[in-house]
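Read the structure below first, then the notes.
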Amino acid sequence: MTFDASQGAEAPPELVQLLTPEGERVEHPHYDIDLTPEEVRDLYRDLVLVRRVDKEAVALQRQGELGIWASLLGQEAAQIGSGRALTDADMAFPTYREHGVAWCRGVDPVNLLGLFRGVNHGGWDPAEHNFHLYTIVIGSQTLHAVGYAMGVQRDGADAATIVYFGDGATSQGDVNEAFIWASVFNAPVVFFCQNNQWAISEPLEKQSRIPLYRRASGFGFPGVRVDGNDVFACLAVTRQALKNAREGQGPTLIEAYTYRMGAHTTSDDPTRYRVASELEAWKLKDPIERVKAYLFRNQLADQDFFDAVDAEAADLGRDVRKRCLEMPDPEPLDMFDHVYVEPHVLVAEERDEYAAYLAGFEGAE
Amino acid sequence: MLREFKLPDVGEGLTEAEIIKWHVVAGDKVEVNQTIVEIETAKAVVELPCPFEGYVSALRVTEGQTVDVGTPIIAVETGEGAAAPRETALADDMVPAPPVEAQATEPAEAAGPAKPERQPVLVGYGVKLGAATRRPRKAASTAGASTPGPAASAAPAAVPAAAPAPASVPPAGRAGGVAVLAKPPVRKLARDLGVELAGVTGSGPNGSITREDVHAAAARPDASAAGPAPRAFTGEREERIPVKGVRKATAAAMVGSAFTAPHVTEWLQVDVTGTMDAVRRLRELPDFAEVKVSPLLLVAKAVITAVRRHPMVNSTWADDEIVVKRYVNLGIAAATPRGLIVPNIKEAQELSLPELAGALGELTEKARSGRTQPADMAGGTITITNVGVFGVDAGTPILNPGEAAILAFGQIRDLPWVVDGQIVPRKVTTLALSFDHRIVDGELGSRMLRDVGAMLEDPLRMLAWS
């Protein structure tokens, strides 16, 4: 059987959902979540703010201030839900689109923009935030994550590892190798696949004849499909999978069933390969609107709250823009700084040679 | 303060974009991130958000214009004192300001233009900077000491004068923005040998330059001369052929015909397996021992036979009367070294089949050897053009002037065909009949074409209708 992305409105019944697109709370036999009104409002705020950062970054790219940007539009719930399930000790390995997870890990959004502006190679310390640098190569971070998880396992630490990848990455050799290693070594890792239906221009049916979460059973560990636009469900399912990992029950594959509302990156034009009706169907399942409806319906937030969040988002957008434009260009010799942790003879020699070359220009000292 | 928004590289490595639609006009108030324009790049149509808040002072480029990345496209009056929106600078003077002029309007950035300082470059790859120059190297002693490699010794004196030329003048013979293709080792070899790659014609895959190309270029006496040489053409870029002779006659006849007689063309696919069998059988008969028997022979016979049944197709429009010919001077269009000619077989209706075969052979032979006389081409009444010999199915033939019909005979191919409810491979050809609608109506033209087809499908009909 195959799943047609254009039929996305009728998600398969095995989908774990706790909050419907209309904002109604529903029960699931295996997963539940008990959130205080404060926690729900915080989740809403997270969703709105990361969307605003993303929007500002897209605009900055269109103004020539970023070389490229990979928008997370539509995938906020999958990222905030899973990101908020992590404990401080847990480690996350992102792709290049996990701006929402970065937000949850306390990474300054401007640092994300620095990479896409070409002024740094990822301006945050992965150890400080337990959030690895963005990985551009498709799927390779799954192997890094499994290796890291096996290290955690050997340390006996009370921590889990989560690794993010997309539907297209499931066709990569690295990802399948990572599944095997994680499975046979019972590594404490959660594979979090954001199935956004499109691998650039390749639809899901070109990746798999079965739902992606079912791949896990072939490797010998559980797989679950969650409504990736439902922040409650993503939080509940990821929390459970991380708990299982920490308790020595091995890996889990989570397929967050979602949709990439924007282009693959700012270099892409999705209107060339997908139909508008598909987009319209998914608009009705917006991850933010359903939380807003839930808050309203249950009188957990008033208009003042929503206005305040909107104002905070506008400030954040302005702040991100301002600080992005202020980021200094790197010095030419900076590129030698982070090649090795320790001083290195060959790198030092190359740096000195390059410095001498630069000094050869008129006006240089 | 007046600020300009330069066209960014919205993809990766795009160099230009077409302005599709402006969403603002001069005088409009704009906010940060407000959509101001739609552009189309080689990759996508995208909307550009405004990076400034203020009033639109002028649109620097017009819709439909293709502009390079880095070109100022809009000027916005920002900050305090920007209240008075300018109503000037409308459509008529919307020309792209060259980057140099644009900076002159911007005092902050115009500071010290003479200094070879690096301009702030828009993020992205492949941004073309028309005025880019190399930074000058220091005087010989220090430069030579600190910079290894052959380039260093030549650099101090030569660079300031020579360097701007290759940077600002695109190499001749190459489209703007198309990079020279060469692998890095080849580029190094070229540099070592002092060969300017832009002047080398590549013989490798996709026109890439190989080591051999570089060596060959280095061996040429003027290979190291400064500046990219214009690509050497062995002859003129365009050839001018005087219109005369057969070409002139053909042109006059075709124009005269096409714009005088209202043409109608009908098509028919025909199973000619029977014709091919008949051709083979005829070849075995002693009567045809001296002549060539080809499918064209049976097509000619079919046309002659069909004319008997439909004389109106064998006629001439003479303004106030229609001249119906009781004879068939059968024209055969022939491609010859001198061009297209249409000699005809006189009184073809009187010829036996072997005689017709002989006449066809003689006509073809004369045409090929260029011995066709003007008289041979005069007085035609109907024509066959055998385009099938060129490997095409059919075309829309244009009437030979003074005639009312022309039949194009396409190639004969094996095609799946339904015979008695079964799909079987058959020999199939396409016939196209053009006729002068002043004389021949659709019904008559259709019957003529159908009859020819029927005779080729079953050559026995030629006997029946003779």
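Computation of the quantities below employed the complete heavy-atom set of this structure, encompassing side-chain atoms and omitting hydrogens, waters and symmetry-equivalent molecules. To find a chain, count down the sequence lines: A is the first, B the second, and so on, and within it residues start at 1. Source: prediction; values computed, not measured.
- Heavy atoms closer than 4.5 Å to chain B are found in the side chain of A:Arg272, but not in its backbone.
- Surrounding NE2 of B:His23 are more than 12 heavy atoms belonging to other residues, nucleotides or ligands, all under 6.0 Å away.
- Within 6.0 Å of the CD atom in A:Glu349, the count of heavy atoms belonging to other residues, nucleotides or ligands does not exceed 12.
- Atom CD of A:Glu202 has more than 12 neighbouring heavy atoms from other residues, nucleotides or ligands inside a 6.0 Å radius.
- For the atom pair CG (A:Leu60) and CG (B:Asn33), the distance works out to 7.0 Å, reported to the nearest 0.5 Å.
- Within a 6.0 Å sphere centred on NZ of A:Lys292, heavy atoms belonging to other residues, nucleotides or ligands number more than 12.
- Looking at A:Gln63, its side chain does come within 3.5 Å of a backbone N or O of B:Pro49 through a donor-acceptor pair.
- Residue with the most contacts toward chain A among B:Leu48, B:Val46, B:Val10, B:Thr35: B:Val10 (heavy-atom pairs, distance under 4.5 Å).
- Heavy atoms of other residues, nucleotides or ligands lying less than 6.0 angstrom from OH of A:Tyr340 number 12 at most.
- To the nearest 0.5 angstrom, B:Ile39 atom CD1 is 8.0 Å from A:Arg62 atom CZ.
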